[in-house]
Amino acid sequence: MAGVGKTRYNRRMNGSLSTIRDELLSGLNEPQRQAVSHTEGPLLILAGPGSGKTRVVTRRAAYLAATVTKPWHILAITFTNKAASEMRERIESLDVAEGMTVSTFHALCARLLRRYHEQVNLPRNFTIFDQADRRKVVKKAIEACDLSTTNWSPAGIEPVISRAKNELLRPRAFAETAIDFHSKTVARIYEQYDRMMRQMAGLDFDDLLMHIALLLTEDTEVREELEDRFRYVLIDEYQDTNAAQYRIARRLADGHRNICATGDPDQSIYGWRGADISNILNFEKDYPEAKVVRLEQNYRSTGRILSAAGSLIGCNTERKDKRLWTENEPGPDVRVIECESSDEEADRIAQDIGKQQRSGLKLSETAVLYRVNSLSRSIEERFIREGLPYQIARGVAFYNRKEIKDVLAYLRVLVNPADDVSLTRIINTPPRGIGQTTVQRLVASAEGVGQSLHSVVTGGGDLTALGRSAGKVGEFGKMLVQLASVMEQPVHDALEYVVKHSGLRALYSSMDDGDDAPINNINELVSAAVEFESQNEGATIGDWLEHTALLGDVDSVRDDSGMITLMTLHAAKGLEFDNVYIIGLEEGLIPFVRGHEDGDEEEERRLMFVGMTRARRGLVLLHARYRMMRGITERTIRSSFLDELPHDEVQWSAERTVVSPRRSRSVDHGTLPDDVEQWEVGTLVEHERYGIGRIMSIHRGHRRTHVEVMFRDGSRHRWVLEFAALKRVAFEDVGDL
DNA sequence: AATATTCCCGTTTTT
DNA sequence: CGGGAATATT
């Protein structure tokens with residue numbers, strides 16, 4: 001929560017009100033001005049990319065605070081923490097509205113649930129379970145229902161439960177909607193999952209939203225309290241709200257109707273996770289008295305970038321027509337580059353950056369965007385080789401590392417002893433001789449008495465049934481009790497103490513000292529805690545855990561880093577760069593399709609639109625003729641989206657460049673047998689270990705050939721042919737089969 | 001109980 | 001291809 005500091009507000013109030021007003025309205029175009037000066041009643045700001053939305057929103061917040069209300073009555077909700085802190089900074093720099101609440105939906109809900117935990121029947125010290133934790137609990141729930149986790153895969157059930165929660169269906173309500181066998185079974189699992197999560201005082205991301213949405217619906221007292229606290233509500237990126245978020249927004253504004261939604265239907269890219277574009281399309285139906293402002297002048301991009309992006313998005317059929325325009329210069333052509341492979345793609349980008357660097361390109365103003373994270377690999381390799389500094393938007397990945405999760409699991413158990421998932425994780429980490437049979441017995445005994453594992457381990461109860469492990473479990477319990485003594489200390493001290501006395505420091509210090517050695521990451525974690533404390537005075541361990549749980553990938557990108565930024569198209573929403581490279585413009589990738597059913601092509605087009613409009617001056621789109629996906633190199637088809645660009649404003653380059661000379665590829669080639677063309681399904685081969693076998697399938701890629709061989713003993717093996725120790729044998733050499 | 005090995009799976013985007 | 005889980009080994 002943003003601290004309510006001593007306001008510069010008062011000082012500013014000395015200036016006359018009309019002066020402040022004039023200042024806040026200065027330098028704005030007409031629609032922007034209208035949006036800023038609209039105070040009472042619903043307001044919809046339809047803001048195209050680069051149309052100065054953030055500027056309008058921050059000015060308007062300041063305007064509200066200066067004219068009709070106090071900053072603490074203003075609530076602004078964003079999608080990422082990064083957007084929230086940027087907005088907070090920009091508002092505060094206007095010197096008028098310090099003390100506003102600026103938060104993400106999830107962080108806001110978490111905070112409210114701490115306050116209203118009793119109303120939703122939760123302990124105050126609940127902890128937030130990330131997707132991995134949730135996966136584990138879902139799996140346990142499936143097992144507890146006596147179902148096989150192969151027939152009912154956790155990965156398959158999880159999204160169903162998630163969707164139910166987004167639709168605000170508690171287990172019972174969901175069960176009522178279940179009519180067929182499959183959904184009835186899922187309902188049972190959901191119910192079981194819910195029971196287990198409650199027992200562990202755990203909330204998943206969807207719970208945060210669902211509980212607040214339902215609380216606001218069902219508890220009039222709470223709703224009125226919040227309506228009075230938050231008299232002006234602003235929801236950013238409204239086109240990406242899901243049903244739960246929509247409900248929250250509506251309920252918060254029920255009384256006063258001072259709701260301002262900003263967004264752009266053309267940038268709705270989260271349909272797959274339940275976002276409902278009709279929330280923004282129906283805003284005027286929900287609030288018939290709403291004022292609607294359209295921001296269509298673009299201040300960000302060159303004319304050519306804008307017309308290319310506009311031409312693309314114009315191909316969407318389900319769309320409110322909207323025309324973006326700019327007074328900016330046309331700028332250089334948008335470029336499309338055809339490459340041979342992902343390596344060449346990376347090569348071209350590196351070359352291009354190198355060339356432009358000489359004419360003053362700033363690395364921190366350069367981004368490489370892609371549809372799926374796995375595409376970053378070849379770019380990274382290339383940048384490392386070239387010594388080009390880069391950062392990847394992957395904040396979450398850090399917190400997913402084993403050693404980090406281990407440390408956090410200790411803290412989580414201290415904050416919330418009921419958290420069996422975390423306790424199971426740490427009970428034998430570092431190894432202390434408590435194996436899985438012992439853990440199973442502990443679980444059974446905990447279930448027997450309806451207690452948490454923690455209370456069984458620390459309760460001083462009878463552990464003799466565990467045999468020789470009893471002592472070790474007892475010691476572990478004592479250690480937990482001892483660690484709990486640090487709870488009141490500053491977060492980083494507590495953290496250091498826990499790392500040391502849990503034995504994790506010793507465990508990880510002994511490991512190899514590479515660049516990302518576990519111990520370095522742990523140290524980095526401590527630094528992160530120090531930084532968090534410096535920004536949030538008096539923060540508790542619980543606060544910090546909440547913060548880490550709600551971090552997103554984008555939150556890790558720094559603006560002033562002097563590094564190229566690599567990230568997914570999704571993560572790039574809301575950001576801008578001088579130069580943008582988008583890679584992998586190939587059918588199946590952009591637009592993305594998985595399996596056989598078609599994806600949502602219009603949403604894919606919007607995603608591409610978002611990516612293109614991130615660029616201010618330079619936009620380069622690349623595709624490779626061959627690309628390796630999950631181990632197999634395949635011929636690609638270039639994206640149909642490229643055909644939707646205006647031909648005369650795009651520079652097409654199909655020239656083949658020689659891959660740069662110092663990169664000899666012969667090393668990775670392996671030794672290809674001369675007659676490899678003659679190897680085919682049915683060819684007999686010999687392997688020194690498995691003997692004689694027959695090729696069952698062969699897959700010829702661009703520079704790798706994959707074979708699957710079945711041997712006489714019935715075993716089947718797959719190899720990359722170039723690296724496999726296979727010899728071709730003639731039929732007559734084999735003898736009798 | 002700890003470690004080494006194989007196998008098998010899924011293949012998007014994220015708060 | 002790559003990670004995690006099941007399985008084999010010591």
Side-chain angles (χ1 to χ4, degrees), chain A residues 77-84 103-110 128-132 134-136 139 149-150 153-156 159 162 165-166 203-209 237 240-242 244-245 268-275 342 369-375 377-378 393-397 399-400 402 428-439 468-469 472 546-555 567-573 584 588-595 599-600 603-604 606-608 610-611 627-633 701 704 706 715-720:
Chain A
I77 301 178
T78 60
F79 256 76
T80 64
N81 296 293
K82 183 166 194 282
S103 172
T104 65
F105 265 109
H106 293 268
L108 173 74
C109 291
I128 298 169
F129 280 31
D130 66 24
Q131 55 281 22
R134 172 211 252 183
R135 178 72 50 91
K136 284 182 192 161
K139 189 172 175 219
T149 50
T150 42
S153 80
S162 175
K165 291 183 179 186
N166 283 168
L203 293 186
D204 62 33
F205 292 133
D206 302 316
D207 286 329
L208 297 171
L209 302 177
E237 309 282 15
D240 283 326
T241 49
N242 65 24
Q245 292 162 330
S268 165
I269 55 175
Y270 283 105
W272 53 274
R273 92 175 185 203
S342 59
L369 309 180
Y370 35 80
R371 181 63 234 260
V372 297
N373 278 117
S374 58
L375 294 193
R377 180 177 299 254
S378 56
R394 238 189 239 158
V396 175
Y399 288 90
N400 281 340
K402 294 156 284 320
N428 200 33
T429 311
R432 46 175 73 91
I434 304 176
Q436 60 181 25
T437 41
T438 307
V439 173
R468 60 174 72 256
S469 299
K472 305 189 168 175
E546 183 172 302
H547 168 78
T548 60
L550 295 176
L551 272 182
D553 278 334
V554 227
D555 299 329
M567 66 180 131
T568 63
L569 288 161
H570 282 87
K573 186 179 71 166
L589 216 41
I590 309 178
F592 192 86
V593 281
R594 74 155 171 194
D600 182 343
E603 180 159 311
E604 294 296 314
R606 293 194 291 268
L607 184 58
M608 178 69 188
V610 167
R627 186 177 299 278
M628 178 153 70
M629 298 292 284
R630 46 181 198 273
I632 294 169
T633 300
R704 296 284 148 83
H706 295 256
S715 66
R716 296 184 323 170
H717 298 270
R718 300 180 50 172
W719 285 284
V720 172

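- Atom NZ of K472(A) sits in a sparse spot, with 12 or fewer heavy atoms from other residues, nucleotides or ligands closer than 6.0 Å.
- A sub-4.0 Å separation between OP1 or OP2 of dA1(B) and a side-chain N or O of T437(A) is present.
- Looking at residues two or more places apart in sequence or on another chain, you find a salt bridge (charged side-chain N to carboxylate O under 4.0 Å, His left out) between D207(A) and K165(A).
- Among the heavy atoms of the strands lying under 4.0 Å from N373(A) are primed sugar atoms or P, OP1, OP2 only; no base atom is included.
- L209(A) has its CG atom 17 Å from the P atom of dT14(B), to the nearest Å.
- We find that the ring of F105(A) and the base of dT15(B) do not stack by the test of centres under 5.5 angstrom and planes tilted less than 30°.
- Contact annotation for N81(A): no contact, since no heavy-atom pair falls under 4.0 Å across all strands.
- Residue T80(A) places none of its side-chain N or O atoms closer than 4.0 Å to OP1 or OP2 of dT15(B).
- For L375(A) and dT11(B), the CG to C1' distance is 13 Å, given to the nearest whole Å.
- Taking the ring-ring contact (aromatic ring centres under 6.0 Å, His included) definition, one finds that Y399(A) meets it with nothing, sequence neighbours left out.
- Considering only the side chain of T438(A), dA1(B) comes nearest among dA2(B), dA1(B), dT15(B).
- Evaluation of the side chain to side chain contact (heavy atoms under 4.5 Å, CB included) rule for N166(A) yields S162(A), D206(A), N242(A) as partners, not counting sequence neighbours.
- Here Y270(A) does not lie in a stacked arrangement on the base of dT14(B), lacking the combination of planes under 30° and ring centres under 5.5 Å apart.
- To the nearest angstrom, C1' of dT15(B) lies 4 Å from NE2 of H106(A).
- Residues passing the salt bridge (charged side-chain N to carboxylate O under 4.0 Å, His left out) test with D555(A): none are found, sequence neighbours excluded.
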Please list each protein N or O that sits under 3.5 Å from an N or O in nucleotides 2-5 of chain C, with the distance.
| from | atom 1 | to | atom 2 | distance (Å) |
| --- | --- | --- | --- | --- |
| dG2(C) | OP1 | R377(A) | NH1 | 2.8 |

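- Among residues two or more places apart in sequence or in another chain, the ring-ring contact (aromatic ring centres under 6.0 Å, His included) test is passed with H570(A) by Y270(A), W272(A).
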